[in-house]
Peer 1: 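Dropping the structure in here first, questions after.
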Amino acid sequence: LLASNFPTSSDARIKESVESASLDECVRLLQAVVPKTYTKIDMGNAPRLGYIAQHWDRELTGGYRCIMGASEDENGPLLALDYSRIVPILHGALLSAIARLDALESRP
């Protein structure tokens, strides 16, 4: 599948119980799960950069679990990741880092 755009409905009208994500949890997840390089045997050993789904699966709790998905091949179940859902975790960790930098810069 190749496309230039995959918009996702994100309007406030279709959301309830909206709360801010824990910036501390976003930082914890980024420190716990490290990007990897690898070759994908299902893509002709193409070199890739990404994550190991089991690493996220081990760390995610509660509402953060929406990142996880699943599929199956001839050998059984496969864990999957929704990479677009990782972006809010990255954003939260960045906000936390910016706040810490601002606090350091404002010290006399």
Side-chain angles (χ1 to χ4, degrees):
L1 177 66
L2 179 64
S4 62
N5 188 331
F6 286 103
T8 302
S9 297
S10 191
D11 193 283
R13 292 186 303 113
I14 60 173
K15 297 177 181 179
E16 294 181 338
S17 304
V18 175
E19 297 178 20
S20 294
S22 164
L23 300 186
D24 289 339
E25 179 64 359
C26 292
V27 170
R28 186 193 74 75
L29 287 167
L30 285 191
Q31 290 173 329
V33 180
V34 180
K36 304 290 184 183
T37 60
Y38 48 87
T39 56
K40 282 201 72 185
I41 61 175
D42 64 337
M43 297 178 69
N45 289 324
R48 308 293 282 183
L49 169 68
Y51 299 104
I52 306 300
Q54 285 81 352
H55 297 171
W56 282 101
D57 188 50
R58 177 179 62 227
E59 297 295 334
L60 294 168
T61 60
Y64 296 85
R65 294 220 36 95
C66 66
I67 291 169
M68 298 304 303
S71 64
E72 193 168 316
D73 70 4
E74 63 277 358
N75 297 314
L78 294 167
L79 287 181
L81 293 173
D82 181 347
Y83 275 69
S84 68
R85 292 269 165 218
I86 296 172
V87 171
I89 292 174
L90 298 171
H91 184 193
L94 179 58
L95 288 174
S96 178
I98 289 170
R100 287 189 302 237
L101 285 172
D102 287 346
L104 287 171
E105 289 175 348
S106 67
R107 284 202 266 179

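Every value quoted in this text rests on a predicted model; they were computed, and no experiment measured them. Below, each value reflects all heavy atoms present in this structure, side chains not excepted, and no hydrogens, waters or symmetry copies.
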Peer 1: Can you check whether P88 reaches Y64 side chain to side chain, under 4.5 Å on heavy atoms?
Peer 2: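 P88 does not reach Y64 side chain to side chain.
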
Peer 1: What residue pairs, at least two apart or across chains, pass salt bridge (Lys or Arg N to Asp or Glu O under 4.0 Å) with a residue in residues 67-88?
Peer 2: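 Of all non-adjacent pairs touching residues 67-88, none passes salt bridge (Lys or Arg N to Asp or Glu O under 4.0 Å).
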
Peer 1: Can you list the residues that meet the ring-ring contact (aromatic ring centres under 6.0 Å, His included) rule with F6, with sequence neighbours excluded?
Peer 2: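 So F6 forms no ring-ring contact (aromatic ring centres under 6.0 Å, His included) with any residue.
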
Peer 1: In terms of heavy-atom contacts, does CD1 of I41 have more than 12 from other residues, nucleotides or ligands at under 6.0 Å?
Peer 2: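 Open: at most 12 neighbouring heavy atoms sit under 6.0 Å from CD1 of I41.
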
Peer 1: Side-chain contact test, heavy atoms from C-beta onward, threshold under 4.5 Å: evaluate it for N45 versus K40 and give yes or no.
Peer 2: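 N45 vs K40: side chains apart.
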
Peer 1: Please, which pairs that meet side chain to side chain donor-acceptor pair (under 3.5 Å) have at least one residue in residues 51-60, sequence neighbours excluded?
Peer 2: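 For residues 51-60: R28-E59, D57-R65.
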
Peer 1: Given side chains that start at C-beta, do those of S9 and I14 come closer than 4.5 Å, heavy atoms only?
Peer 2: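 Of all side-chain heavy-atom pairs linking I14 with S9, at least one is under 4.5 Å.
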
Peer 1: State the NE2-CD1 distance between H91 and I86, to the nearest 0.5 angstrom.
Peer 2: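 Reported to 0.5 Å precision, the distance equals 16.0 Å.
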
Peer 1: So, for I89 and C26, which heavy atoms are closest and what is the spacing to 0.1 Å?
Peer 2: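 Scanning both residues, the minimum pair turns out to be O-CB, 3.5 Å.
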
Peer 1: How many angstroms lie between CG in L90 and CG in L95, if you round to the nearest 0.5 Å?
Peer 2: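 With rounding to 0.5 Å, CG (L90) is 11.0 Å from CG (L95).
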
Peer 1: Taking atom CG of L29 and atom CD1 of I67, what is their separation to the nearest 0.5 Å?
Peer 2: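 Answer for the CG-CD1 pair, L29 versus I67, is 7.0 Å.
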
Peer 1: State which residues pass salt bridge (Lys or Arg N to Asp or Glu O under 4.0 Å) with K36; sequence neighbours excluded, sorted by chain then number.
Peer 2: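 With neighbours one apart ignored, the set is empty.
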
Peer 1: List the residues meeting side chain to side chain donor-acceptor pair (under 3.5 Å) with S10, not counting sequence neighbours, and say none if there are none.
Peer 2: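 K15.
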
Peer 1: Give me the other members of the hydrophobic cluster that L101 sits in, counting Ile, Leu, Val, Met, Phe, Trp and Tyr linked by side-chain heavy atoms under 4.5 Å, directly or via other members.
Peer 2: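 None; L101 is a cluster of one.
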
Peer 1: Looking only at non-hydrogen atoms, find the nearest pair between A80 and A53 and report the distance.
Peer 2: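 Distance-wise, the nearest heavy atoms are N-CB, 4.3 Å.
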
Peer 1: Honestly curious: do V33 and L30 fall in one hydrophobic cluster under the side-chain, below-4.5 Å linking rule?
Peer 2: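 Linked within one cluster.
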
Peer 1: So L79 and M68, do their side chains get closer than 4.5 Å, heavy atoms only?
Peer 2: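 Heavy-atom side-chain distance check passes, below 4.5 Å.
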
